[in-house]
2 protein chains.
Amino acid sequence: MVKLAIQFIILSFDLFLYYRLYLSCMYSLLQHIQRFVSLTEEEIQLLTPYFTAKQTEKKEYLFKEGQICPANYFVSKGCYRLYFVNEKGVENIVQFAIENWWIADYMSLEKQIPSPFSLQSLETGELLVLEKQVQEELLGKVSKLERYFRIIAQRANGAAQVRIKYISELSGEERYVQFAASFPEFVQRIPQYMLASYLGFTPEFLSKLRAKKR
Amino acid sequence: MVKLAIQFIILSFDLFLYYRLYLSCMYSLLQHIQRFVSLTEEEIQLLTPYFTAKQTEKKEYLFKEGQICPANYFVSKGCYRLYFVNEKGVENIVQFAIENWWIADYMSLEKQIPSPFSLQSLETGELLVLEKQVQEELLGKVSKLERYFRIIAQRANGAAQVRIKYISELSGEERYVQFAASFPEFVQRIPQYMLASYLGFTPEFLSKLRAKKR
DNA sequence: TACGTTTCTTAATCTACATTAAGTTTTTCC
DNA sequence: GGAAAAACTTAATGTAGATTAAGAAACGTA
């Protein structure tokens with residue numbers, strides 16, 4: 001009987017922890033959504049069951065290369081990277097995501113094909129998980145979210161166009177200088193070798209740039 | 001009186017030409033939309049007034065660097081490029097669009113800021129024009145199109161992620177070889193120096209690669 | 001058809017960053 | 001707290017593609 005009581009308390013505590021995580025994440029997401037689309041109380045009620053909250057440990061994978069990207073992820077807390085490993089075994093980061101960003105391999109998610117990318121947590125984090133099938137159901141129930149996701153995707157699209165412009169136009173050094181000026185806290189937050197990877201050059205070269213700057 | 005009659009005939013002929021262009025473009029677009037979203041007859045009736053058809057001459061600009069991107073464009077016929085000019089005066093192509101593609105500077109369009117890009121026609125072409133404000137009205141009238149545009153944008157997103165992967169991973173030569181194998185007709189269709197620009201290297205280098213391949 | 005413009009080709013020289021190879025410092029984990 | 005792993009730094013050497021400078025070929029226009 002004591003064992004059962006203890007298990008019940010543990011279960012209730014787990015439930016409490018999950019609920020707290022879930023509320024925190026949903027709050028972030030609703031704040032984000034309402035920046036683009038206004039929702040009624042009813043719509044909010046309708047949409048909340050479609051999301052699952054997840055806590056991730058540092059280095060935890062959400063999916064790995066070769067797996068189908070299982071969901072679209074909204075970052076409530078933490079930092080994540082989408083990366084691939086090239087034929088020399090070197091990791092190349094294609095995208096980071098921090099609070100209030102969505103991240104996924106959108107080609108894999110859309111076409112349900114194995115991803116060449118892996119998605120990994122860089123620190124303890126909290127996410128909302130929206131699987132493809134679940135998203136389809138959700139959008140059937142709350143069609144206003146089609147608008148939200150369209151706006152998000154179009155913004156990401158514009159950002160990608162600008163990113164490709166920078167890759168073409170700026171030297172490695174210029175990219176570093178601009179990025180560090182635009183996102184100084186982010187630069188402190190991640191390992192320098194990952195920053196180098198994202199900016200498209202080697203950690204050795206980044207060391208050289210940093211030495212030059214001192 | 002004779003002059004009036006001639007003017008009326010000219011005006012009717014212009015209207016006929018426009019109508020023919022418009023029908024052709026709308027047909028392309030409706031075919032495209034129905035690949036993703038099914039529309040009722042009523043919805044089709046509702047949406048058609050929101051699009052303007054446009055014919056472009058070779059080299060014609062839809063917008064130039066420094067202007068706000070005025071619209072989202074659906075390509076019914078022809079080929080277009082989105083490019084910027086770097087500080088050395090060299091043109092860098094960020095994107096092409098051919099039949100059934102949408103193209104715009106999505107950052108400029110979304111935020112209504114001056115674009116660093118220009119959008120130019122590479123051959124005589126035909127487009128449907130959807131200005132931002134008009135799109136908002138349209139989406140208010142036929143909300144199903146939110147879904148269509150979300151899907152399109154998400155696919156473009158996935159494609160951009162893959163594009164960035166290729167830029168990081170493959171050498172210039174490898175990019176050329178893969179692109180030429182994947183899109184042989186497109187390679188014939190555009191000037192080689194534009195292909196080089198899009199793939200991220202100089203026309204001189206492309207000449208070298210082509211010589212090597214013979 | 002002739003001329004000017006655009007596109008493509010060729011080759012030598014240059015350069016931004018990669019690669020190789022360590023050593024040093026910081027972080028992690030038991 | 002100590003050892004191992006990870007991250008950062010340094011420097012010499014190498015390389016993929018850029019730059020420079022033309023010349024040749026193709027295209028467009030009057």
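Taking atom CD of residue A:E91 and atom C1' of nucleotide C:dA18, one finds them 18 Å apart after rounding to whole Å. B:E169 places its CD atom 17 Å from the P atom of D:dA16, with the value rounded to the nearest Å. Rounded to whole Å, the distance from CG on A:L206 to P on D:dA6 is 20 Å. Between the OH atom of A:Y176 and the P atom of C:dA16 there is a distance of 19 Å, rounded to whole Å. In this structure, CD of B:E123 is placed 16 Å from C1' of D:dC27, rounded to the nearest angstrom. Atom CD in B:E87 sits about 14 Å away from atom C1' in D:dT19, given to the nearest Å. Look at CD on B:Q188: it is 17 Å from P on C:dT7, rounded to the nearest Å. As a whole-Å value, the separation of B:Y193 OH from C:dT5 P is 15 Å.
For A:A211, whose side chain is taken as the heavy atoms from C-beta onward, the closest listed nucleotide among D:dT10, C:dT10, D:dG17 is D:dT10. Closest contact between the side chain of B:E204 and the listed nucleotides C:dT9, C:dA21, D:dG17 involves C:dT9. Here D:dA18 is the nucleotide among C:dT10, C:dT19, D:dA18 with the atom lying nearest to any side-chain atom of B:F205.
The main-chain N or O of A:S28 is never found under 3.5 Å from a side-chain atom of A:S76 such that the two would form a donor-acceptor pair.
Side-chain nitrogen and oxygen atoms of A:K88 include at least one within less than 4.0 Å of the OP1 or OP2 phosphate oxygen of C:dT19. Neither OP1 nor OP2 of C:dC17 sits under 4.0 Å from any side-chain N or O of A:T202. Taking side-chain N and O atoms only, B:R210 has no distance below 4.0 Å to OP1 or OP2 of C:dC8.
A:F96 has its ring centre less than 6.0 Å from the ring centre of A:F186.
Projected onto DNA chain D by closest heavy-atom contact, A:Q192 and B:K208 fall at different nucleotides, the more 5' of which corresponds to A:Q192.
B:Y61 is linked by a ring-ring contact (aromatic ring centres under 6.0 Å, His included) to nothing, counting only residues two or more places apart in sequence or in another chain.
Looking at heavy-atom distances under 4.0 Å, B:S171 makes contact with sugar-phosphate atoms alone, never a base.
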Between N or O atoms, less than 3.5 Å apart, protein on one side and nucleotides 25-30 of chain C on the other: list the pairs.
from	atom 1	to	atom 2	distance (Å)
C:dT28	OP1	A:K58	NZ	3.3

Would you list the atom pairs, donor with acceptor, under 3.5 Å between side chains in residues 204-211 of chain A and any protein atom, with sequence neighbours excluded?
from	atom 1	to	atom 2	distance (Å)
A:S207	OG	A:P203	O	3.4
A:R210	NH1	A:Q192	OE1	2.8

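Between the side chains of A:R150 and A:Q154, at least one donor N or O lies within less than 3.5 Å of an accepting N or O. With 3.5 Å as the limit, one finds a donor-acceptor pair spanning the side chains of B:S121 and B:T56.
Annotation: cation-pi geometry satisfied between B:R163 and B:Y198 (NZ/CZ under 6.0 angstrom from ring centroid, within 45° of ring axis).
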